[in-house]
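Written out below as structure tokens is the structure these notes cover.
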There are 4 protein chains.
Amino acid sequence: MFSLNPQSGIPLYRQLVDQVKLLVAGGQLKAGAPLPSVRELADKHAVNPMTISKAYSLLEAEGVLLRQRGKPMTVAAHNRQGPEAQILLAPLIHQLIQSARQLALGDDDIIQAVRQGLEQHHD
Amino acid sequence: MFSLNPQSGIPLYRQLVDQVKLLVAGGQLKAGAPLPSVRELADKHAVNPMTISKAYSLLEAEGVLLRQRGKPMTVAAHNRQGPEAQILLAPLIHQLIQSARQLALGDDDIIQAVRQGLEQHHD
Amino acid sequence: MFSLNPQSGIPLYRQLVDQVKLLVAGGQLKAGAPLPSVRELADKHAVNPMTISKAYSLLEAEGVLLRQRGKPMTVAAHNRQGPEAQILLAPLIHQLIQSARQLALGDDDIIQAVRQGLEQHHD
Amino acid sequence: MFSLNPQSGIPLYRQLVDQVKLLVAGGQLKAGAPLPSVRELADKHAVNPMTISKAYSLLEAEGVLLRQRGKPMTVAAHNRQGPEAQILLAPLIHQLIQSARQLALGDDDIIQAVRQGLEQHHD
DNA sequence: GTGGTCTAGACCACA
DNA sequence: GTGGTCTAGACCACA
């Protein structure tokens, strides 16, 4: 469900925060759904529990997750009108386009590259 | 020419390194071309000169740039067959697709979102 | 300036958060004023730097403090109309009165006890 | 009779322990008096029975309560000369004064704030 | 079982 | 110099 990449330069806890938001916005994590426990995620991704815990705490502070004592974290019920997909993807698309421009690629090249990527991801 | 975003979570020096590589691979920085001075870049982007300097040093170590005493850094002549655009963009495309999947978007939605991004960038 | 008590049952980071808020509300920490560095506070109070850091991060998230890369944390400029002293003290006064009532003390006894406390604090 | 506040940062079992001590010291719980059952308290305050049980056990270990098989816990007969009210309130008063000082309040302001609190509690 | 707090200590990014 | 991230590991509060 989650994919953490220690090489990406982006802090692990932040990768997790972003991915939870995406899954909630995409409806794959529905209101009330429990998240994996801190320990479970930590084991699965070979990461320190505190790193997971930090991400969960930030998500609670943002109102995405709900903390109930002694129970697993759950997706908050009233997550205020999830932002549009477009908005969540915008930074990534922006960065992709910027990088492609620096590579002197044209619009068609970019679309083409994305299409190729999509094909490879159909494995 | 460069665009540094302190909010992105990616270290500034790494953003700069990546962008220089893209510009070289894309031919917008040709062999022998001079780079902006450390101070110039630092001022322009409101960043500490040491941050720029670190990026330049890494690029020198990787053979992308050439340092000559008393002169600006230049693009190295023999930058060993710049990697294909596809390879440089791959991580970004991968991350875009992964995020879109977490948003439960289909292939067409993704292409569509990229197209919209491209249009906005034609400003 | 700060006083951390590990015995109180209240998490150290939370004690610090509360005290910073009080000092800001009371005007003893003015807008723009730098806070002690994480390490300095940690050494002074024999506490782990991460504990201090966590408090500072929470205060930044609440808009009380400002984080500038490479520089000490400072008191945020526009800390939105500091809450009245009355409001910040309310929980403490509430708890004092509740405890005194459980002790079967009358109003005068409570005032008297506070007066005695004040005298002792004039040392 | 009891008031548990999960937000206060102070562990629930500890809040309960403290309040029992106050009630005993204040004479509102006399020697031999029965305490509410674990289940009753747990239900009433929407708290796990083990939390109540832990508090009761600590109070028994301290000699404040007496556990008899099959009967409710009772206030111990010889509770060694309950400490003076002043001593039990001291930590609260200390914390109040410290916080008020950080708010830059004078003695009169503090007394005034307590008086206001007392009036509101006469509801 | 759940998450929370704290420590000791390494290493990083930035000014 | 500043704060940030992460780890390994102990112990706590609560369900």
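Just so it is clear, the structure is predicted and the values come from calculations on it, not from any experiment. Order of the sequence lines fixes the chain letters, A, B, ..., with proteins taken first and strands second; residue numbering starts at 1 for each chain.
At dG3(F), none of the side-chain N or O atoms of S53(C) fall inside 4.0 Å of OP1 or OP2 (strictly under the cut-off).
What separates OH of Y56(A) from P of dT2(E) is a distance of 11 Å, to the nearest Å. When rounded to the nearest whole Å, the span between CG of L66(A) and P of dT2(E) equals 17 Å. dT2(E) atom P lies 18 Å from atom CD of E60(A), rounded to whole Å. The CD1-P distance, from I52(A) to dT2(E), rounds to 13 Å in whole Å. We find that CG of L58(C) is positioned 15 Å from P of dG3(F), with the value rounded to whole Å. In this entry the distance linking CG of L41(C) with C1' of dT2(F) reads 13 Å, nearest Å.
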Could you pull out all donor-acceptor pairs under 3.5 Å where a side-chain atom in residues 26-33 of chain A meets a protein atom, sequence neighbours excluded?
unit_1 : atom_1 : unit_2  : atom_2 : d
Q28(A) : NE2    : R101(B) : O      : 2.8
Q28(A) : NE2    : Q102(B) : O      : 3.0
K30(A) : NZ     : G27(A)  : O      : 2.9

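For K54(C), there are no salt bridge (charged side-chain N to carboxylate O under 4.0 Å, His left out) partners two or more places apart in sequence or in a different chain. In this view, R39(C) satisfies the salt bridge (charged side-chain N to carboxylate O under 4.0 Å, His left out) rule with no residue, not counting sequence neighbours. Residues meeting the side-chain contact (heavy atoms from CB on, under 4.5 Å) test with P72(A), sequence neighbours left out: P34(A). Listed by chain and number, the residues in a side-chain contact (heavy atoms from CB on, under 4.5 Å) with L66(D) are Q68(D), T74(D), A76(D) (sequence neighbours excluded).
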Point to revise | Contact letters for nucleotides 6-15 of chain F, in which S counts primed atoms plus P, OP1 and OP2 and B counts the base, heavy atoms under 4.0 Å | key: BBBB---SBB
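Every pair tested for salt bridge (charged side-chain N to carboxylate O under 4.0 Å, His left out) that includes a residue from residues 3-12 of chain A fails, sequence neighbours excluded, so the list is empty. For residues 2-18 of chain B, the pairs satisfying side chain to side chain donor-acceptor pair (under 3.5 Å) are Q98(A)-S3(B), S8(B)-Q15(B), with sequence neighbours left out.
When all heavy atoms of L89(A) and S99(B) are compared, the closest pair comes out as CD2-CB, 3.8 Å.
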Point to revise | Nucleotide pairing, DNA chain F (Watson-Crick or G-U, distances under 3.5 Å), in dot-bracket with [ ] and | | key: ||||||||||||||.
